[in-house]
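Computed from a predicted model, the values in this text were never measured in an experiment.
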Amino acid sequence: MTEPPAPRSLVPRPVPAFTDEDARLQVVDSFGAAVLEGDAELDQIVRFAAALCEAPIAILSLVKGGYQVYLARIGIPDRDGPSNISFCAKAMMQGELMEVRDATLDERFSDNPLVTGPPNIRFYAGHPLVSDEGAPIGSLCVIDRVPRFDGLTLLQRQGLGVLASAVMRRMNSRREALAAETQLADSEQRFRALAESMPDIAFSATGAGHFEYFNRRWAEFTGITDWAGGARPELIHPDDREAVTTKWTAACASGEMYESVNRLLRADGEWCWMLVRAVPVRDKDGTPLRWYGTMTDIDASYRLSENRELLAQELSHRIKNIFAVISGLVSLSIRRHPENRAFGEDLIGTIQALGRAHDYVRPSGGNRRDSLLAMLADLFAPYRGSGICRVSVTGDDVAVAASAATPLALVFHELATNSAKYGALSCDDGRVTVTIADRGEMLSLVWTETGGPPSAATPSDGFGSRLVDMSITGQLGGRWNRRFEAGGLICEMELARSAVTQR
């Protein structure tokens, strides 16, 4: 009878490097055989192999030195066996399907205990299992207790090769998962070693946001050592608790970096301000697998900042009071000198306009308007002069975020003040034009003075210039340029639209 052609193997052939048993066993161990025993997918493959080949016994074995372990089996009670009498130990080295049609007539196996005794092997067909790096690790085989002188059919031989390939895909998938778990465990160990040496509180949480670990600094700060992996909402100040919970839940859902400033209860009963940050480690699909974060004690600097803010607000309040006192004194003078009423009322209007403009440059200004054109109108109101508009603003209007109002106001307040002292606004006929153009990502603003006194050939860089530069390049994400033409100062500014309008 003509021998059927051998099917092309879908599993790599063994390579000579793995004739060294120690190297081969390292590869075998990398698959985590203990976890793969009883794997449902491997069980299905073995059952199908038995059905395909009409065999009473089918085994998926890994050869591990002195013995072989059966990851999946049907028709045999044993879970493992010695490798020195194993058919699979020889089959895995062949690089192709090995068939033994009558073991009693094969000099390699005729006196083998598995032939002379249970399970009384007569027919054996085993397809080698070879790792991607070329290490033979075992075999997928079918066994019969009666000889098969014609062997497997071509379809059965090809099918057994396909099933062996499916076995390797499943095992490779498990090996990759095991390697990822090992890498994650190593990363976790390194993180904990680093975290324990940090002066800040360090923590980790599951992808869903359940806290798993705090370093020893947590116990030192809070006095709590038996946190048991759960959240402790009572440690967060009642006024901050709802906002913190909402923000943390949202971060875990979106996978975005978490950051908050809130109060945490210290072991001595004091509430301390903490800066809390956490970043996710994502899988290939972007889903958070783990969170790692820190809690930094910023209580001293936060309270210092609060004191400075309070002092700035108090100073601003006193300046506003000065405007009110001056207006009151002018009103008294008007009553004593009614002939100067028109001048006095015009002066009071200018003082009140200065007060409104001050709202934009003081911290937490009260009567701010959130439109760029409206804000500039308030800032330039003190320079109208007897109802004459000496500063005109034209162009596109945009919303102004609260964070951008103060740096914008500082820039134009400085330009207007300098113009009133040295430039166009210091002369009766001087004028200033401000044009605004919305160019998408950037806002273009041009300050143009005309009718003023002769100017210096080059601008000087005093405190005011540094203030303008810091506001434009630092806080407003832009750039600026100024030059003196024959008619006066021209200042060109480009500001990041997102910095001006972002809320």
Side-chain angles (χ1 to χ4, degrees), residues 301 305 308-309 311-313 315-316 319-320 353-383 391-425 432-449 455-456 458-484 488-503:
S301 59
S305 178
R308 288 175 175 171
E309 178 74 10
L311 180 60
Q313 290 182 5
L315 179 60
S316 179
I319 291 173
K320 290 285 284 186
L354 283 170
R356 289 192 299 272
H358 178 69
D359 283 333
Y360 290 97
V361 295
R362 71 190 181 102
S364 304
N367 299 316
R368 294 175 175 176
R369 295 199 282 176
D370 59 4
S371 156
L372 181 56
L373 290 179
M375 184 187 80
L376 293 179
D378 287 343
L379 288 172
F380 299 145
Y383 306 99
V391 182
S392 63
V393 182
T394 59
D396 301 320
D397 196 13
V398 295
V400 176
S403 59
T406 295
L408 272 171
L410 287 171
V411 169
F412 284 102
H413 182 272
E414 180 65 22
L415 290 172
T417 300
N418 283 341
S419 182
K421 291 190 293 185
Y422 315 114
L425 295 181
V432 174
T433 300
V434 179
T435 57
I436 306 169
D438 187 347
R439 305 193 188 283
E441 292 185 0
M442 303 297 289
L443 292 175
S444 174
L445 297 93
V446 181
W447 170 285
T448 305
E449 296 186 22
S455 303
T458 56
S460 60
D461 290 324
F463 174 76
S465 297
R466 293 195 297 272
L467 179 65
V468 170
D469 185 71
M470 182 179 64
S471 299
I472 292 176
T473 62
Q475 295 172 276
L476 299 174
R479 53 186 177 270
W480 69 302
N481 177 58
R482 54 182 174 158
R483 64 183 186 276
F484 290 105
L489 173 68
I490 296 177
C491 183
E492 298 169 325
M493 295 164 276
E494 286 191 345
L495 312 178
R497 195 182 193 283
S498 58
V500 174
T501 63
Q502 186 177 9
R503 296 186 182 278

So, Ser419 side chain and Leu425 main chain: donor-acceptor pair closer than 3.5 Å or not? yes
Does the side-chain contact (heavy atoms from CB on, under 4.5 Å) test come out yes or no for Ser471 and Glu414, once each step is laid out? CA-CA 11 Å; Ser471 299; Glu414 180 65 22; over 6 Å; no
Could you check if a side-chain atom of Leu476 sits within less than 4.5 angstrom of a side-chain atom of Met493, using non-hydrogen atoms only? no
Considering all heavy atoms, the nearest Glu449-Val432 contact: CG-CG2, 3.8 Å
Heavy-atom check, side chain of Thr448 versus side chain of Thr435, under 4.5 Å: no
Atom of Ser444, atom of Arg439 and distance for their closest heavy-atom approach: CB-NE, 3.5 Å
Hey, does Asp397 have a side-chain heavy atom less than 4.5 Å from the side chain of Ile436? no
When you compare the side chain of Glu492 with that of Arg483, does any pair of heavy atoms fall below 4.5 Å? yes
Any idea how Phe380 and Phe412 line up, ring-wise: parallel (<30°), tilted (30 to 60°), or perpendicular (>60°)? perpendicular
Rounded to the nearest 0.5 Å, what separation is found between the CG atom of Leu408 and the CG atom of Leu495? 6.5 Å
Please say which of Thr501, Val434, Leu445 ends up in a side-chain contact (heavy atoms from CB on, under 4.5 Å) with Leu372. Leu445
Under 3.5 Å, side chain of Asp396 to main-chain N/O of Asp438, donor-acceptor pair present? yes
Which atom names give the shortest non-hydrogen contact between Arg497 and Gly440, and what distance separates them? CD-O, 2.8 Å
